[in-house]
Amino acid sequence: MKYIIEHMEEGFSEWVTLEYAQILRDVGNDNLLLTSLPEGTNDSDIPELLRKMGLKWTTKSLSDIPEAVPSWEPLQNGRVCLLDPRAELDLQPEDSKQFDYFVFGGILGDHPPRDRTKELNIAYPGLLVGRRLGDKQMTTDTAIRTTQLIIKDQKKFEDIKFIDYPEFRFSKKEATEMPFRYVLDSQGNPILPEGMLQLIKKDSQQSLDDLL
């Protein structure tokens, strides 16, 4: 399975970097590509962690995938799945036979959500077929993890164990609720990218300092 993220962020925040690093661990650097980075982007603009992990990226658009990654097959109309919170149909295990590529646009990690899928559908008319991953917002790494469970592991969406809006408590007076849905691990804990819990704590402390 090939995963494409249309990078719609301004640069690479710590949050985005940790998410992309975890996705690389989960799917492998041969199966992930960031597209549509700003013209003029060079290696020094990519976080060192992601460079060391072999992240593939390009300033090219989806339609120019073969030029960006010659080893990848051209994208064909109807064979590219856009994970879209507003799609009418949920992703199903049998969709593994229909799609070659799965496209994410940073579209599942915003709060409140932005209609970035509309931008992609307008940009690539006829290319993308929408599928939904339930009715709750997910971070991008969670969305790809869920897609893997459905497409690769052939697990039905309703059989995946999730937690919605988990609260992470760091002390009696310090806690942060995350406004997203996460996959649970075998111990019943939400799966986060490596280093994300520490970043959430740091951001929480910074917010408290700003208030004081």
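With sequence neighbours left out, T17 forms a side-chain hydrogen bond (donor to acceptor under 3.5 Å, both in side chains) with no residue at all. Evaluation of the salt bridge (charged side-chain N to carboxylate O under 4.0 Å, His left out) rule for D90 yields R132 as partners, not counting sequence neighbours. For E73, the side-chain hydrogen bond (donor to acceptor under 3.5 Å, both in side chains) criterion is met by no residue, not counting sequence neighbours. Residues satisfying the side-chain hydrogen bond (donor to acceptor under 3.5 Å, both in side chains) criterion with S36, sequence neighbours excluded, are E6.
Between the D64 side chain and the E67 main chain, no donor and acceptor come within less than 3.5 Å of each other. In terms of modelled atom types and a separation under 3.5 Å, the side chain of D203 and the main chain of I200 share no donor-acceptor contact. Although no hydrogens or angles enter the test, the distance criterion places no donor-acceptor pair under 3.5 Å between the side chain of R181 and the main chain of Q137. The backbone N or O of T142 sits less than 3.5 Å from a side-chain atom of T146, completing a donor-acceptor pair.
You'll find the side chain of H7 reaches within 4.5 Å of the side chain of F12, heavy atoms only. Here the side chains of T41 and I46 are in contact, with some heavy-atom distance below 4.5 Å. Side-chain contact between L83 and T147 is present, with at least one heavy-atom pair separated by less than 4.5 Å. No side-chain heavy atom of F180 sits less than 4.5 Å from a side-chain heavy atom of D164. A 4.5 Å side-chain heavy-atom check between Y182 and L192 finds at least one atom pair inside the cut-off. When side chains are defined from C-beta on, R79 does not count as touching Y101, because their heavy atoms never get closer than 4.5 Å. Counting heavy atoms from C-beta outward, E48 and R51 have side chains that approach closer than 4.5 Å. When side chains are defined from C-beta on, W72 counts as touching I4, because their heavy atoms get closer than 4.5 Å.
Counting all heavy atoms, side chain and backbone alike, L49 lies closest to A21 at CD2-CB, 3.7 Å. When all heavy atoms of L127 and N77 are compared, the pair lying nearest together is CA-OD1, 3.4 Å. Here the closest non-hydrogen pair linking D45 and G40 is OD2-O, 4.0 Å. Shown here for P190 and P166, the closest heavy-atom pair between the two residues is CG-CB, 4.4 Å. Scanning all heavy atoms of the two residues, the minimum distance from L91 to C81 falls at CD1-SG, 4.2 Å. Between P38 and T59, the shortest heavy-atom distance links the atoms O-CG2, 3.2 Å.
Note: the hydrophobic cluster containing M196 also contains L184 (ILVMFWY, side chain heavy atoms under 4.5 Å, direct or indirect links).
The pair D84-R131 fails the salt-bridge criterion, with no side-chain N (NZ, NE, NH1 or NH2) lying under 4.0 Å from an Asp/Glu carboxylate O.
Here L18 contributes atom CG and I23 contributes atom CD1; the two are 11.0 Å apart, rounded to the nearest 0.5 Å. In this structure, the separation between CG on L199 and CD on E14 is 5.0 Å, given to the nearest 0.5 Å. The structure places CZ of F102 at 14.0 Å from CD1 of I5, a figure rounded to the nearest 0.5 Å. Note that CD of Q198 is 8.5 Å distant from CZ of F170, once rounded to the nearest 0.5 Å.
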Exercise. Is there a side chain to side chain contact (heavy atoms under 4.5 Å, CB included) between M178 and E167 once you walk through the steps?
Worked result: CA-CA 6 Å; M178 300 304 294; E167 181 181 77; over 6 Å; no
Problem set entry | CA sep, side-chain torsions, deciding dist, call: T58, L37, side chain to side chain contact (heavy atoms under 4.5 Å, CB included) | CA-CA 6 Å; T58 180; L37 272 71; over 6 Å; no
Problem set entry | Check against side chain to side chain contact (heavy atoms under 4.5 Å, CB included), W15 and T139 | CA-CA 10 Å; W15 181 287; T139 59; 4.1 Å; yes
Problem set entry | Candidate pair Y124 and V80, rule side chain to side chain contact (heavy atoms under 4.5 Å, CB included), full reasoning | CA-CA 11 Å; Y124 309 107; V80 184; over 6 Å; no
Cut-off 3.5 Å, no hydrogens considered: what does the side-chain donor-acceptor table look like for residues 26-34, sequence neighbours left out?
unit_1	atom_1	unit_2	atom_2	d
D26	OD1	Q22	NE2	3.2
D26	OD2	R145	NH2	3.0
N29	ND2	M53	O	3.1
D30	OD1	K56	NZ	3.1
N31	OD1	K2	NZ	3.0
N31	ND2	V27	O	2.8

Anything under 3.5 Å between a donor and an acceptor, one on a side chain of residues 148-163, the other on a protein residue two or more places apart or in another chain? List them.
unit_1	atom_1	unit_2	atom_2	d
Q154	NE2	P93	O	2.9
Q154	NE2	S96	OG	3.4
Q154	NE2	I151	O	3.0

